[in-house]
Number of protein chains: 2
Amino acid sequence: MTRGQHQTALRQRATLEDVAREAGVSLATADRVVNRRDGVHAKTAARVAHAIAKLGYTANAAAARLARNRPRRFAFLLPSTPNAFMTQLAVQVAATARWLEGQNAFIDMSHVDVFDAEALAAALRGLQPVYDGVALVALDHPSVRAAIDDLVARSVHVVTLVSDVPTSRRVHYIGIDNPAAGRTAASLMGRFVPRRGGTVAVVVATMALRDHAERHFGFMQVLSQEFPELRILPVLEGRDDATRNRTLVRRLLSDTPDLVGIYNVGAGNEGIAAALETAGRARDVVWVAHELTPDARRCLLNGVADAIINQDPGHEARSAARILLAHCEGAPILADQERIRIEIFLRDNLP
Amino acid sequence: MTRGQHQTALRQRATLEDVAREAGVSLATADRVVNRRDGVHAKTAARVAHAIAKLGYTANAAAARLARNRPRRFAFLLPSTPNAFMTQLAVQVAATARWLEGQNAFIDMSHVDVFDAEALAAALRGLQPVYDGVALVALDHPSVRAAIDDLVARSVHVVTLVSDVPTSRRVHYIGIDNPAAGRTAASLMGRFVPRRGGTVAVVVATMALRDHAERHFGFMQVLSQEFPELRILPVLEGRDDATRNRTLVRRLLSDTPDLVGIYNVGAGNEGIAAALETAGRARDVVWVAHELTPDARRCLLNGVADAIINQDPGHEARSAARILLAHCEGAPILADQERIRIEIFLRDNLP
DNA sequence: CTGAAAGCGCTTACAG
DNA sequence: CTGAAAGCGCTTACAG
């Protein structure tokens, strides 16, 4: 009726003490082998390794953390531009900070103008030399890259969050695959729109932002190849600004009678929603956007938006903290757990 | 340029010792207050509480775990029917077990016939009284419910995994909202299928499974209300069996010339794929299914499947372990982190 | 290259 | 109702 029940649970777990006794060495030497510190005779190391294998020893993580007792300090740099998604991210970083405290690690969050590479680079250079790790919403620019690499050269663990600098020496990027997100948007758009064709528009903040350019690229790729019946307009740049987006879309709607779809790559969804509703086109224009903010949720529920592509800010904040911590402690990372999903939300699977 | 940089990171963190000194009590008493154990004079407790607030004390989780030093044992009961999703889940439970060991907690995994309520109930009753917690892929049946409630009465923490028994006293359900998953499938189906209408079929294992019945219900609800141009056939029961599904779909395809969509609620996707391909209908019939197994992934990539609705087995395994551990230790749960998403995968956002 | 011993910050009997 | 002290399983100087 039941099978495969392991008996491990009923055995007492081996400690480092047990390993040391089994190998005939002291605790200190056993510890050296377990943590791969050098200065151990090869023969001794082999004896210890054998004991570890024989007893199936795995370290007690709580004891190790306590004994080490080194507090960790992380700096998180977020954009000072207050868009809804970044606000959510800041809230989640704060929540993560409270959890981290129990792990004897601390987060200092600060805000910098994202669109200004020099300011971001200066902020990175100006970081007090107390940090074990830094997480930043990056801007792909040579100055930023240099500042990241300088930190890494000083053995600070650096991760990029939401927006990457792939050529830098950051140890990890925590965010979605942006070209894939663009392709996903295109697939949804192409299938949601009427078969007879029409015109589609794409709105970005500026093509100078790597993630926006990448999403646009992925979108174009799929739409042009798989939905040739759709005509794609030159990209519109709204600077993530709702007011500007509203103006752009109002003009777009009056200039393009056969408009069937809008893909908003960046922020400022309120402006687009307003323009669509004012023109009475909210129900017949397919609109795909990013980030499940309160506004986006409302738009999904009332049918103005058709799909929202999301990255979970809570997951990203926790992931950044776990990854920084793991790098500091030399602990393993669960790749599976840290992979940031390209989430698709319709009205029906809203959390 | 930067602002809002907290100074917490530069302060030394307060220990229980500090709290005790500040309140003028012993460590033991401070501990009693922190952990809400009783037998402390109200005035003393107030003094300690004041010290905690003043110093901003939060417990060092590692030290607490170590001092407590109580190993935890969990039993995980999975279906013995070896479908691809359940195999993935078993792999993830095993991976989680390795992580848990470092937390001084251990998982015993065993397998029971899911479709047999009495066998499942007997397995629950037959569990050795060594377990602090139990996670099971449940079957919503009075015998199972009674067996769960008996465990809870013996103060065992019980969680349901993937499939729930909502009326039982289990402390948590780790899985997706199944009616919402069905509604999501319907929205995708309705929008992917040609506007002119046609016939849609739904395949389940059996309507006696709560999750299948719920998904079917959600699907019907949205499809009938929002896509009245689509005709829905009576549900087909394939017992999660690929061979049976293949036969059902072969017959379906020949009997229903205007078939435009299939929603497979359960397992056995290979059978459906085979029938669609053999009939040369793979590209024009919209097919929505569940669980991103290797087969499902292949079907998405080659265009046989149009969307896969997924629950992440790795997330579920880790979540079950974290939730059981938290309940054992009286620790808080991060609801946000434990929420199991209804994931939508298209070819483009495959991980 | 190796070991004895102190110590990390809690919890837990035990005594009073 | 309160406290002194041992102990959890590691890591870390320090001595040799």
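A note on names: the letters A, B, ... follow the listed sequences, proteins ahead of strands, and every chain is numbered from 1. Model, not experiment: these values are computed from the prediction.
The side chain of B/Asn69 places no N or O atom within less than 4.0 Å of a non-bridging phosphate oxygen (OP1 or OP2) of D/dG7. Distances shown here put every side-chain N or O of B/Arg65 at or beyond 4.0 Å from the OP1 or OP2 atom of C/dG9.
Residues forming a side chain to side chain contact (heavy atoms under 4.5 Å, CB included) with B/Ala146 (at least two apart in sequence, or on another chain): none.
A/Ala28 comes within 4.0 angstrom of a nucleotide base, judged by non-hydrogen atoms across all strands. At the heavy-atom level, A/Arg32 lies under 4.0 Å from base atoms of the strands shown.
Between the CZ atom of B/Arg70 and the C1' atom of D/dC8 there is a distance of 13 Å, given to the nearest Å. For the pair B/Lys43 NZ and D/dC1 P, the computed distance is 13 Å after rounding to whole Å. Protein atom CD of A/Glu329 is 15 Å distant from nucleotide atom P of D/dC10, rounded to whole Å. Protein atom CG of A/Leu66 is 9 Å distant from nucleotide atom P of C/dC8, rounded to whole Å. Whole-Å rounding puts the B/Gln103 CD to D/dC10 P distance at 13 Å. Regarding B/Leu27, its CG atom lies at a distance of 12 Å from the P atom of D/dA5, rounded to whole Å. In this structure, the CZ atom of A/Arg68 is 15 Å from the P atom of C/dG9, given to the nearest Å.
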Side-chain donor-acceptor distances from residues 46-57 of chain B under 3.5 Å, at least two apart:
{"from": "B/Arg47", "atom 1": "NE", "to": "B/Ala23", "atom 2": "O", "distance (Å)": "2.9"}
{"from": "B/Arg47", "atom 1": "NH2", "to": "B/Ala23", "atom 2": "O", "distance (Å)": "3.4"}
{"from": "B/Lys54", "atom 1": "NZ", "to": "B/Glu22", "atom 2": "OE2", "distance (Å)": "3.0"}

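A donor-acceptor pair under 3.5 Å is formed between the side chain of A/Asp149 and the backbone N or O of A/Arg169. At distances below 3.5 Å, at least one donor-acceptor pair connects side-chain atoms of A/Ser163 with backbone N or O atoms of A/Ala138. Checked by atom type and distance alone, the side chain of A/His157 never pairs as donor or acceptor with a backbone atom of A/Val152 at under 3.5 Å. Here the side chain of A/His327 pairs no donor or acceptor atom with the backbone of A/Ile333 at under 3.5 angstrom. Distance alone, capped at 3.5 Å, places no donor-acceptor pair between the A/Asn310 side chain and the A/Glu343 backbone. Although no hydrogens or angles enter the test, the distance criterion places no donor-acceptor pair under 3.5 Å between the side chain of A/Thr44 and the main chain of A/Val40. No donor-acceptor pair under 3.5 Å is formed between the side chain of A/Asn35 and the backbone N or O of A/Arg32. Judged by distance alone, with hydrogens and angles left aside, the side-chain atoms of A/Arg65 form a donor-acceptor pair with the main-chain N or O of A/Gln103 at under 3.5 Å.
Residues A/Arg13 and A/Thr58 have side chains in contact (heavy-atom distance under 4.5 Å, counting atoms from C-beta outward). For the pair A/Phe85 and A/Val162, the minimum side-chain heavy-atom distance is below 4.5 Å. Looking at heavy atoms from C-beta onward, B/Val93 lies in side-chain contact with B/Ile107 at the 4.5 angstrom threshold. At least one side-chain heavy atom of B/Pro129 sits less than 4.5 Å from a side-chain heavy atom of B/Arg154.
Near DNA chain D, defined here as any heavy-atom distance below 4.0 Å, the residues from residues 33-40 of chain B are B/Gly39, B/Val40, listed numerically. Within residues 44-53 of chain A, no residue is approached by DNA chain D to less than 4.0 Å at the level of any non-hydrogen atom. Residues of residues 14-25 of chain B that place a heavy atom closer than 4.0 Å to DNA chain D, in numerical order, are B/Val25.
Where pairing requires Watson-Crick or G-U contacts shorter than 3.5 Å, the helical stems of DNA chain C with at least three consecutive pairs are C:1-3 with D:14-16, C:5-12 with D:5-12, C:14-16 with D:1-3.
Across D/dC10, C/dT2, C/dC10, the shortest atom-to-atom separation from the side chain of A/His41 is found for C/dT2.
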